[in-house]
Amino acid sequence: MEKGNLSAVTEFIFTGFPQLQDGSLLYFFPLLFIYTFIVIGNLLIFFAVRLDTHLHNPMYNFISIFSFLEIWYTTATIPKMLSNLISEQKTISIPGCLLQMYFFHSLGNSEGILLITMAIDRYVAICSPLRYQMIMTPRLCAQLSASSCIFGFLILLPEIVMISTLPFCGPNQIHQIFCDLVPVLSLACTDTSMILVEDVIHAVAIIITILIIALSYIRIVSVILRIPSAEGRKKAFSTCAGHLTVFLIFFGSVSLMYLRFNAIYPPVLDTAIALMFTVLAPFFNPIIYSLRNKEMKNAIKKLFCLQKALNICGG
């Protein structure tokens with residue numbers, strides 16, 4: 001390949017939705033509904049926690065931050081998916097692709113680290129209840145929340161900078177519905193052995209995170225099962241059931257997406273897994289944290305009552 005051709009590719013083409021070209025609107029409106037639900041649902045949770053003093057504790061603080069991250073996590077990919085569904089040219093510029101990868105994975109990393117923090121919080125609350133207030137101070141919670149976000153955004157920065165220096169001069173079709181690290185790296189006109197390294201690094205990070213959270217919940221469940229009263233066991237389990245469900249959905253989809261190693265999925269299955277990872281998992285989180293939580297439901301009702309009162313006053 002001549003050096004002059006190395007800058008020939010200026011944009012990528014998404015081919016993750018090849019079967020939708022004749023009926024894109026049938027998929028556009030459900031996806032738009034899901035995205036709207038995700039944004040509104042997570043905003044309600046975020047403001048309900050912030051405005052209700054009864055929810056000013058570490059557990060709900062972490063939930064509100066997780067909900068805030070979810071809004072931006074889905075915004076990094078879904079609007080572009082919606083645009084591609086109604087556009088003949090399903091393209092994205094190379095800088096746009098790099099930005100999408102950076103924000104999507106940085107927000108995902110931040111959520112993963114925050115889920116570790118939430119698991120540790122529940123571990124301390126259930127396994128060391130008498131020391132909980134002393135350990136999980138407001139200052140420590142703020143530090144843990146900030147560290148989750150900062151570390152999540154910093155850890156991927158060198159990788160994105162490295163990818164931005166690679167030449168793209170050959171095929172420009174991304175066989176996915178969003179810009180992802182390995183599909184983009186496979187298009188680079190250079191040695192692609194780094195793809196294997198990327199796979200290994202991501203796999204190790206995911207496995208370590210899953211093990212930390214799983215061990216925390218195994219310990220939590222073992223302590224709950226030793227509580228004498230059935231009512232006590234039910235109350236203790238209810239405080240971590242939502243977190244456990246979100247953990248299973250989040251890392252279940254992450255594992256299907258990134259722990260495949262050399263396995264190659266059929267295009268339809270690949271797209272289905274990507275949709276589960278980027279759309280369906282975030283869709284269920286507001287439901288889990290609101291409909292299954294009495295305190296959260298009460299806080300959201302108060303939020304609606306407050307808005308209604310403000311509207312009356314404004315009228």
Side-chain angles (χ1 to χ4, degrees), residues 1-25 27-28 31-32 35 72-109 153 156-199 201-202 253-254 256-258 260 262-279 282:
M1 185 68 67
E2 295 179 3
K3 188 175 181 179
N5 292 331
L6 292 180
S7 60
V9 173
T10 59
E11 61 184 15
F12 296 124
I13 301 173
F14 293 107
T15 62
F17 286 130
Q19 70 276 26
L20 307 185
Q21 293 178 1
D22 296 329
S24 297
L25 290 180
Y27 298 88
F28 175 85
L31 185 58
L32 178 62
Y35 176 60
W72 299 109
Y73 173 77
T74 52
T75 300
T77 57
I78 296 181
K80 186 59 182 176
M81 292 182 197
L82 290 168
S83 173
N84 288 336
L85 283 172
I86 57 176
S87 174
E88 292 184 5
Q89 296 182 342
K90 308 179 190 304
T91 61
I92 188 170
S93 66
I94 290 180
C97 186
L98 292 172
L99 285 172
Q100 186 182 71
M101 282 194 298
Y102 175 67
F103 283 106
F104 177 73
H105 284 286
S106 294
L107 289 160
N109 289 338
F153 275 83
L156 197 70
L157 193 57
E159 191 172 342
I160 295 297
V161 171
M162 180 272 293
I163 295 174
S164 70
T165 64
L166 298 177
F168 295 95
C169 55
N172 66 336
Q173 294 186 340
I174 298 177
H175 302 292
Q176 189 51 274
I177 58 176
F178 66 98
C179 284
D180 207 359
L181 295 168
V182 172
V184 171
L185 280 171
S186 65
L187 299 177
C189 299
T190 184
D191 179 20
T192 57
S193 60
M194 67 183 73
I195 295 177
L196 178 61
V197 177
E198 293 293 333
D199 274 347
I201 292 174
H202 294 157
S253 57
V254 166
L256 286 173
M257 190 76 179
Y258 296 112
R260 64 177 70 185
N262 292 327
I264 299 176
Y265 298 150
V268 174
L269 181 58
D270 212 24
T271 299
I273 293 173
L275 285 172
M276 181 189 302
F277 179 54
T278 59
V279 179

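Computed from a predicted model, the values in this text were never measured in an experiment. Positions are given from 1, in the same order as the sequence printed here.
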Show the nearest heavy-atom pair for residues C189 and F168, with the distance to one decimal.
SG-C, 4.0 Å
Looking at every heavy atom in both L32 and L82, which two are closest together, and how far apart are they?
N-CD2, 3.7 Å
I78 versus V279: any side-chain heavy-atom pair under 4.5 Å?
yes
Look only at the side chain of Q100 and the backbone of A76, and say whether a donor-acceptor pair between them is shorter than 3.5 Å.
yes
Partner set under side-chain contact (heavy atoms from CB on, under 4.5 Å) for L99, not counting sequence neighbours
F103
For the CD1 atom of I177 and the OG1 atom of T77, what is their distance to the nearest 0.5 Å?
7.5 Å
What residues, two or more places apart in sequence or in another chain, satisfy side chain to side chain donor-acceptor pair (under 3.5 Å) together with Y102?
none
Once you round to the nearest 0.5 Å, how far does OG of S83 lie from CZ of F28?
8.5 Å
Once you round to the nearest 0.5 Å, how far does CZ of F14 lie from CD of Q176?
9.0 Å
Within the structure provided, determine whether D180 and H105 are in side-chain contact (heavy-atom separation under 4.5 Å).
yes
Check side chain to side chain donor-acceptor pair (under 3.5 Å) between N109 and all other residues, then give those that pass, not counting sequence neighbours.
none
Residues at least two apart in sequence or cross-chain that pass ring pair (Phe, Tyr, Trp, His ring centres under 6.0 Å) with H175, listed by chain then number, are none
Side-chain (S87) to main-chain (N84) donor-acceptor, under 3.5 angstrom
no
Set of residues satisfying side chain to side chain donor-acceptor pair (under 3.5 Å) with respect to T75, sequence neighbours excluded:
Y35
Identify the two heavy atoms, one from T74 and one from P282, that lie closest to each other, and give their separation to 0.1 Å.
CG2-CB, 3.5 Å
Can any side-chain N or O of N172 pair as donor or acceptor with the backbone N or O of E11 at less than 3.5 Å?
yes
With sequence neighbours excluded, residues passing ring pair (Phe, Tyr, Trp, His ring centres under 6.0 Å) with F277
F104, Y258
Please identify each residue that fulfils side-chain contact (heavy atoms from CB on, under 4.5 Å) with M101, with sequence neighbours left out.
L98, I160, I163, C179, L181, V184
Is it true that a side-chain atom of K90 and a backbone atom of M81 form a donor plus acceptor pair closer than 3.5 Å?
no
